[in-house]
Amino acid sequence: MIFGNGRPVFSGIAIGKAYVYKKQLATLPVSCGDPAVEQQKFEAAKQTALEQLQTLMQDAAERLGEEQAMILDVQMMMLDDLDYLESIEAMIQNGASAAQAVKETGDTFAAAFSAMDDAYMQARATDVQDISTRVVTILCNGKVGFSMEEPGILIAEDLTPSETVQMPKDKILAFVTRQGSSNSHTAILARIMGIPSLVKTQINLEEDLDGKMMIVDGFDGCYYIDPDEETLAKMQEKKRTADEYQRQLENYRGKESVTPHGQKIKLYANIGSPADVEHVLKGDAEGVGLLRSEFLYLGRDTYPTEDELFNAYRKVVEGLEGRRVVIRTLDIGADKQADYFELDKEENPALGLRGARICLRRPEVFRTQMRSIYRASALGPVSVMFPMIASVWEVRKLKEMCEQIREEMKQEGIEIGEVEHGIMIETPAAAVISDLLAEEVDFFSVGTNDLTQYTLAVDRQNPSLDGFDDPHHPALIRLLGMIAQNAHKAGIWCGICGELAADLTMTDTFLEMGYDELSVSPTRVLQLRKKVCESEVIVK
Ligand code: PEP
Ligand code: MG
């Protein structure tokens, strides 16, 4: 039996056959001796790659949303990049085969991207490697592909965006990768698909693992290959318990989220793109409490237009069939960078120009987004909230800008619905003056991820600070209680949309504090509803 650990990105137990995914690179052929022939081979392979990507893009747009499809679009553009093409041509002229030239160029470009400071550019290393591998594979042995005859566990070094898009998802019981992070493409996909998965494992891809029996324990972050009978029996029992729990949760589908003593709370979902609406419905969330709209701005080279944004919001509003969506205006900055914003490099980006601060400095960007949100509000219930608020003047200024935008749209005869305007409480300053802020807005949504970071002075991106980032710290609990009290004194509702909202050990505390809404990832709504429905909290 082989045993190993990894970082779990979604809980659950998967038991099935192992399928090892290896990048299909044969030994590269040498040049036929005529650079002109090699150049022609490259041109033909490039054309095939473009056609494959075009098909994949259509498929991805339908099944996974336009955001994922955009990643493939970036790769198509790379195949037309002049520097990239010139490098390949030069190598072919110097005697390399088409495959050698593409492989070499892909490696060189990927290394250059990886060495850049900018996180967006670093991520492009995967894209250039991915597209180069595709062309080389075409040059070596035909099509890129991978199939699974029966459901199983997919093991890989890492999966690039275009690889995940073309995986047979209906057959994948779990992902296990050697690389990746909690926010890697594979991890995001695993969470959306709701399958147990591990990243950052030490699994040895050189061993002959294909077809072997494998177990992934997404609760404890470990895997077993060729398990002994005792382990298999133990894991089968654990899986039965987990499946039974899931079945019990189904009893809460369609139920009201209300305690036995009659206290109601709304259970909403956090999403990042229109494609996630499907999971909101599957998870039985009562609405969307946080649409992280910055994802519409990431992974592209230019600002999205008003129509592009409107179309994305329209899809969400229509898909939710009458459920409310709280759209957060763009929270670019800190860890979410988009180069075309051309933000200055900062010493401390988490304390820098991010969230609503960008909207205050770039009114045109804010205006485009607000117009698209207001247009979508004519189609269904929409609320909007502003992130990273610290002062009353910021809220007043944003409201004033909103008022002007609505006025201008009214003049143009554009229909706007009833829109609630709220703010995220995610800085200690906003929590402390929440009594004053409550006078200005329709609701609060507490971002406990950032509120923890800023209150405890613990960088949320720094894994070496594990243990210091205690979201149960008494300072945070006091702030959370104070925020709810101040909201209710002013007669507005308040919710929590940070990760802490899904912490079942905190549900009773949130009910006692009187929170009106909790917004969590779609796959966690039913378990939270069960907890609420069984709560013994009595609020006097
Ligand atoms: C938060 O800070 O808790 C939050 C919900 O926002 P984000 O995680 O996107 O910063
Ligand atoms: Mg935040």
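We count ligands from 1, going down the list as the structure has it; atoms in each ligand are counted the same way. Sequential numbering from 1 along the given sequence is applied to the chain's residues. When reading the values below, keep in mind they use all heavy atoms of this one structure, side chains included, and skip hydrogens, waters and symmetry mates. Computed from a prediction, not measured in an experiment: that's the story for all the values here.
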#### Entry: atom 5 (C) of ligand 1: the protein heavy-atom neighbour that sits closest, reported with distance to 0.1 Å
Arg292 NH2, 3.5 Å
For [X], atoms of ligand 1 separated by under 4.0 Å from a heavy atom:
{"X": "Gly498", "result": "3 (O), 5 (C)"}
{"X": "Glu426", "result": "1 (C), 2 (O), 6 (O)"}
{"X": "Gly447", "result": "1 (C), 2 (O), 3 (O)"}

### Message
Test your reading of the model: is there a side-chain donor-acceptor pair from Asp284 to the backbone of Gly254, 3.5 Å cut-off?
### Response
yes
### Task
Assess whether ring-ring contact (aromatic ring centres under 6.0 Å, His included) is satisfied between Tyr340 and Tyr303, documenting all intermediate values.
CA-CA 7 Å; Tyr340 58 88; Tyr303 288 101; 4.8 Å; yes
### Task
Examine ligand 1 and decide if any of its atoms is less than 4.0 Å from a heavy atom belonging to Arg460.
yes
### Task
Examine ligand 1 and decide if any of its atoms is less than 4.0 Å from a heavy atom belonging to Arg328.
yes
### Minimum-distance pair of heavy atoms, taken over all atoms of Ser257 and Arg529
OG-NE, 2.9 Å
### Summary
Heavy-atom closest pair (Gly218 atom, Pro8 atom, distance to 0.1 Å) is O-CB, 3.4 Å
### Query
Of Val258, Val532, Val537, which meets side-chain contact (heavy atoms from CB on, under 4.5 Å) against Gln263?
Val537
### Task
Of the side chain and backbone of Leu290, name the one, both, or neither that has a heavy atom under 4.0 Å from an atom of ligand 1.
side chain
### Query
Where does Met424 meet ligand 1, judged by heavy-atom distances below 4.0 Å: at the side chain, the backbone, both, or neither?
side chain
### Task
Taking only Lys NZ, Arg NE, NH1 and NH2, and the carboxylate oxygens of Asp or Glu, determine whether Asp331 and Arg354 approach each other closer than 4.0 Å.
yes
## Note on the structure
Here the N/O/S atom of Asp450 closest to the Mg ion (ligand 2) would be OD2
### Message
To make sure I understand the geometry: which N, O or S atom in Glu426 is closest to the Mg ion (ligand 2)?
### Response
OE1
### Task
May I ask you to check if ligand 1 and Asn449 share an N or O to N or O distance below 3.5 Å?
yes
### Message
I want to check a possible cation-pi pair here: Arg375 against Phe310, using under 6.0 Å from ring centre and within 45° of the ring axis as the test.
### Response
yes
### Message
Could you walk me through whether Glu157 and Thr177 satisfy the side chain to side chain donor-acceptor pair (under 3.5 Å) test, starting with their C-alpha distance in whole Å, then the side-chain angles of each, then the deciding distance to 0.1 Å, before giving a yes or no?
### Response
CA-CA 5 Å; Glu157 179 67 31; Thr177 62; over 6 Å; no
### Query
So, is Asp331 placed with an N/O/S atom under 2.8 Å from the Mg ion (ligand 2), counting both backbone and side chain?
no
